[in-house]
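Scroll down for the structure; my scribbles are underneath it.
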Amino acid sequence: MKYLLGLCAFILLFSCNSQKVQSQYSKIEYKTTPCFGFCPVATMIINSDRTAVLEAEHFNFTKTLSKDEFSQPREGTFTTTIKEADYNKLVSLLNGLDVKNLNEKYGQKVSDLSTSYLTVNLTDDTSKKVEDYGKRGSEKLVEVYKFFEDLKHNQQWTKVK
């Protein structure tokens, strides 16, 4: 009976570790460009070891939005290690996109929108680049963009310059 209990505990312990999402992505980059309004301008790079760099230009952390922010210095360069649960969520979102089969360009037929650039480098040494003017390429892409925007506020970013 002791052996059976020990075996069950051993299996349970290792089954918990198997919940980790296996990433096929070596590096993920998300970049946004300005618009005539208050669109956040930044580049975020996340590596497969969960380390991340955020190059924040304008409107990423500001509470009061003003065009005067453009005359201010850029917000800075920040680093963090993305929480494991959040990284696993990002991997799941990307897996749901079927990254390799995304269009290279999406766009709206209006002016004054921000453009997002999503570059996904895969572990098989291939990459996929997606340009999305208006950030509405597909419902799943919009979800990925929102996830990146949320990462700016739900991680512990350290300013390095």
Side-chain angles (χ1 to χ4, degrees), residues 21 23-161:
V21 176
S23 176
Q24 60 181 332
Y25 312 107
S26 58
K27 183 170 80 170
I28 305 156
E29 181 176 337
Y30 175 68
K31 179 180 179 178
T32 57
T33 64
C35 63
F36 290 124
F38 304 109
C39 301
V41 181
T43 300
M44 186 183 300
I45 298 171
I46 302 175
N47 299 301
S48 61
D49 64 358
R50 300 186 354 254
T51 57
V53 175
L54 172 62
E55 296 285 345
E57 297 294 327
H58 298 285
F59 305 117
N60 291 283
F61 305 109
T62 335
K63 301 271 190 240
T64 56
L65 300 174
S66 167
K67 294 265 187 185
D68 293 336
E69 185 169 330
F70 283 116
S71 63
Q72 302 296 318
R74 63 190 286 283
E75 291 170 324
T77 301
F78 301 83
T79 61
T80 194
T81 299
I82 302 296
K83 296 172 191 169
E84 188 171 4
D86 290 327
Y87 183 77
N88 291 343
K89 170 78 174 175
L90 176 59
V91 168
S92 294
L93 288 170
L94 292 173
N95 288 344
L97 276 177
D98 189 17
V99 171
K100 288 185 177 183
N101 292 313
L102 288 171
N103 295 338
E104 290 181 10
K105 282 192 174 193
Y106 295 91
Q108 306 296 311
K109 297 200 186 288
V110 294
S111 62
D112 184 33
L113 299 175
S114 177
T115 300
S116 69
Y117 296 91
L118 178 65
T119 304
V120 180
N121 295 318
L122 294 105
T123 55
D124 66 2
D125 291 328
T126 62
S127 66
K128 183 66 175 197
K129 294 180 183 183
V130 176
E131 177 183 326
D132 189 350
Y133 176 71
K135 302 195 308 185
R136 294 186 187 104
S138 73
E139 193 174 311
K140 288 184 178 186
L141 272 171
V142 171
E143 190 176 353
V144 169
Y145 303 152
K146 181 173 179 353
F147 186 82
F148 274 106
E149 294 299 326
D150 290 346
L151 285 176
K152 295 176 191 175
H153 304 284
N154 64 22
Q155 304 298 304
Q156 295 294 336
W157 294 96
T158 302
K159 189 170 185 175
V160 293
K161 62 177 171 171

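For the numbers below, each heavy atom of this structure counts, side chains included, while hydrogens, waters and symmetry mates do not.
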Atom pair [atom1] ([X]) and [atom2] ([Y]), whose distance is rounded to the nearest 0.5 Å:
{"X": "Q72", "Y": "H58", "atom1": "CD", "atom2": "NE2", "value": "8.5 Å"}
{"X": "L97", "Y": "S138", "atom1": "CG", "atom2": "OG", "value": "6.0 Å"}
{"X": "T80", "Y": "N154", "atom1": "OG1", "atom2": "CG", "value": "9.5 Å"}
{"X": "K161", "Y": "R74", "atom1": "NZ", "atom2": "CZ", "value": "7.0 Å"}
{"X": "T119", "Y": "I45", "atom1": "OG1", "atom2": "CD1", "value": "9.0 Å"}
{"X": "L94", "Y": "Q24", "atom1": "CG", "atom2": "CD", "value": "8.5 Å"}

When you compare the side chain of [Y] with that of [X], does any pair of heavy atoms fall below 4.5 Å?
{"X": "Y30", "Y": "S116", "answer": "yes"}
{"X": "C35", "Y": "L113", "answer": "no"}
{"X": "L54", "Y": "Q155", "answer": "no"}
{"X": "T79", "Y": "T51", "answer": "no"}
{"X": "L118", "Y": "I28", "answer": "yes"}
{"X": "L141", "Y": "D132", "answer": "yes"}
{"X": "T43", "Y": "E29", "answer": "yes"}
{"X": "Y133", "Y": "S111", "answer": "yes"}

Where [X] and [Y] come nearest, the two heavy atoms and their spacing:
{"X": "W157", "Y": "M44", "value": "CZ2-CE, 4.0 Å"}
{"X": "D86", "Y": "F147", "value": "O-CZ, 3.1 Å"}
{"X": "F59", "Y": "E75", "value": "N-OE2, 3.4 Å"}
{"X": "D112", "Y": "G37", "value": "OD1-N, 4.1 Å"}
{"X": "L122", "Y": "S26", "value": "O-OG, 3.6 Å"}

Inset, instruction - Any chance you could lay out the side-chain contact (heavy atoms from CB on, under 4.5 Å) test for I46 and F148, step after step, and finish with the verdict? - result: CA-CA 10 Å; I46 302 175; F148 274 106; 3.7 Å; yes
Inset, instruction - For residues 117-130, pull every pair meeting salt bridge (charged side-chain N to carboxylate O under 4.0 Å, His left out), keeping only residues two or more places apart or in separate chains. - result: K100-D124
Inset, instruction - Given side-chain contact (heavy atoms from CB on, under 4.5 Å), test H153 with F61 step by step and report yes or no. - result: CA-CA 8 Å; H153 304 284; F61 305 109; 4.3 Å; yes
Legend entry - Whether R50 side chain and I82 backbone form a donor-acceptor pair below 3.5 Å: yes
Legend entry - N/O donor-acceptor pair under 3.5 Å between S114 side chain and T32 backbone: no
Inset, instruction - Decide side-chain contact (heavy atoms from CB on, under 4.5 Å) for V53 and E55; before the verdict, give the C-alpha distance in whole Å, the side-chain angles of both, and the deciding distance to 0.1 Å. - result: CA-CA 7 Å; V53 175; E55 296 285 345; 4.1 Å; yes
Inset, instruction - Taking atom types as modelled, find out whether Y87 and N47 have a side-chain donor-acceptor pair closer than 3.5 angstrom. - result: no
Legend entry - Over 12 non-hydrogen atoms of neighbours within 6.0 angstrom of NZ in K140: no
Legend entry - Non-neighbouring partners of K152 that pass side-chain hydrogen bond (donor to acceptor under 3.5 Å, both in side chains), sequence neighbours left out: N60, E149
